[in-house]
Amino acid sequence: MEAVTFQALNAQVKGYLWDDYDTLAAHKLRPALVICPGGGYHWCSPREKDAPALEFLSLGFQVFVLEYTCYPEDMSNFRPLRELAQCVCTLRERGEAWHIDRDKIAVLGFSAGGHLAASLGAFWNDPSVGLPPACRPDGLVLCYPVIATRGEFAHQGSAENVSAGDEAYRDRLNLLERVTADFPPAFLWHGGGDDCVPLENSLLLALELKKHGVPFECHLFGSGGHGISTCLQETEMPDEVCRAWVGLCRTWLCRQFDFTP
């Protein structure tokens, strides 16, 4: 394994890469996964960094963890989103050196990180935001994501932090109103016992994706709280039921990217 670091605007990115061996010809290029930890846009939760990164590395992906800007730093002008967009662009620029298939880059986000990942899906081609076209992810994995910033299902803390109190900006970041046919294919999952981010965030997003003809897969578990990450003891949030999301996600990503680890 090779470890790399780089800056995406003001954000630090740490990558975990498979080495390229002459004796292993089958995987000269691999799909890449950018992980956006949760934390209510107030911090990046440690349990949603290395544990999922190493999990998906073991499944054959080149994996990167984005430490995006959080409140009370300046959150204006889509700052965390621009950092994520730059991260994806950097992976495409350095694809050959890091053995990445440039057409197989997904973004995985937990909770508020799920809002950030879904924001890239919603705004990547919005001319009013002005992101580079190369930032479009080829797939999204949204884990108990924050989607609504308005209404009864909004996660108030994330909404307040990402908008820094700007009410008009908060309205723009209500992603239930930002889905179009250009939204990338998505895998969603949510635990039924989540008392922090209501599972309606995932359910209502799934309905919007269906309405706009966007391919998706959605898993709603009967149990499972918030922030459970890989659902193992190493993250201190074991959950045998929700643990199934990892295998289901692997299958979806491999099918989406026509990849056999």
Side-chain angles (χ1 to χ4, degrees), residues 8-16 32-56 61 63-71 73 75 78-88 91 105-124 131 135 137 139-149 154-164 173-176 178 183-184 186-191 194 196-199 201-202 205 218 224-231 235 237 242 245-246 249 253:
L9 302 181
N10 295 305
Q12 182 78 10
V13 184
K14 178 168 61 175
Y16 301 84
L33 192 64
V34 179
I35 294 176
C36 301
Y41 281 109
H42 182 63
W43 70 320
C44 289
S45 173
R47 66 165 45 96
E48 294 162 347
K49 295 179 186 178
D50 291 345
L54 295 176
E55 179 102 44
F56 280 92
F61 296 85
V63 185
F64 299 81
V65 178
L66 175 71
E67 296 261 7
Y68 54 90
T69 295
C70 292
Y71 187 80
E73 297 296 321
M75 302 290 282
F78 296 92
R79 182 172 174 180
L81 179 59
R82 293 186 188 282
E83 293 168 344
L84 175 57
Q86 182 58 53
C87 177
V88 173
L91 300 195
I105 298 175
V107 178
L108 183 155
F110 295 95
S111 189
H115 181 272
L116 179 56
S119 294
L120 187 59
F123 291 110
W124 70 271
L131 299 176
C135 76
L140 297 174
V141 177
L142 307 177
C143 311
Y144 41 88
V146 174
I147 300 297
T149 59
H155 182 252
Q156 299 300 332
S158 295
E160 291 168 6
N161 286 335
V162 71
S163 64
L173 294 172
N174 186 25
L175 300 182
L176 291 176
R178 299 289 175 261
F183 201 92
F187 177 96
L188 302 86
W189 73 274
H190 219 117
D194 194 330
C196 181
V197 176
L199 65 79
N201 281 260
S202 291
L205 177 60
C218 181
H226 194 72
I228 53 181
S229 185
T230 54
C231 305
T235 59
M237 299 285 281
C242 292
W245 83 266
V246 176
C249 181
L253 284 169

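Checked against side chain to side chain contact (heavy atoms under 4.5 Å, CB included), Asn10 has the following partners two or more places apart in sequence or in another chain: Thr69, Arg79, Glu83. Among residues two or more places apart in sequence or in another chain, the side chain to side chain contact (heavy atoms under 4.5 Å, CB included) test is passed with Val162 by Tyr41, Met75, Leu173. Listed by chain and number, the residues in a side chain to side chain contact (heavy atoms under 4.5 Å, CB included) with Ala32 are Gln62, Phe64, Leu91, Ile100, Ile105 (sequence neighbours excluded). Applying the salt bridge (Lys or Arg N to Asp or Glu O under 4.0 Å) criterion to Asp50, with sequence neighbours excluded, gives Lys14. Annotation: ring pair (Phe, Tyr, Trp, His ring centres under 6.0 Å) contacts of Tyr16 (sequence neighbours excluded): none. Qualifying side chain to side chain contact (heavy atoms under 4.5 Å, CB included) partners for Glu55, counting only residues two or more places apart in sequence or in other chains: Thr230, Leu232, Arg243, Val246.
Closest approach of Leu66 and Ala8 over heavy atoms only: CD1-CB, 4.4 Å. Residues Gly40 and Ala112 share a closest heavy-atom pair of N-CB, 3.6 Å. In this structure, Leu176 and Leu205 approach most closely via the heavy-atom pair CD2-N, 3.7 Å. Here the closest heavy-atom approach between residue Leu108 and residue Phe56 is recorded as CD1-CE1, 3.9 Å. Considering all non-hydrogen atoms of both residues, Tyr71 and Ala164 come closest at CE1-CB, 4.0 Å.
Atom CZ of Phe123 is surrounded by more than 12 heavy atoms from other residues, nucleotides or ligands within 6.0 Å.
Checked by atom type, the side-chain pair His115/Ser158 shows no donor-acceptor distance below 3.5 Å. Using modelled atom types and a 3.5 Å distance limit, the side chains of His42 and Asn161 yield no donor-acceptor pair.
Between the side chain of His190 and the backbone N or O of Cys218, no donor-acceptor pair lies under 3.5 Å. Between the side chain of Thr149 and the backbone N or O of Asn174, at least one donor-acceptor pair lies under 3.5 Å. Within the 3.5 Å criterion, the main-chain N or O of Ile147 finds a donor-acceptor partner in the side chain of Asn201. The backbone N or O of Thr235 sits less than 3.5 Å from a side-chain atom of Arg47, completing a donor-acceptor pair.
Atom SG of Cys143 and atom CH2 of Trp245 lie 4.0 Å apart (nearest 0.5 Å).
Put simply, the side chain of Cys135 does not reach to within 4.5 Å of the side chain of Gln86, judged on heavy atoms.
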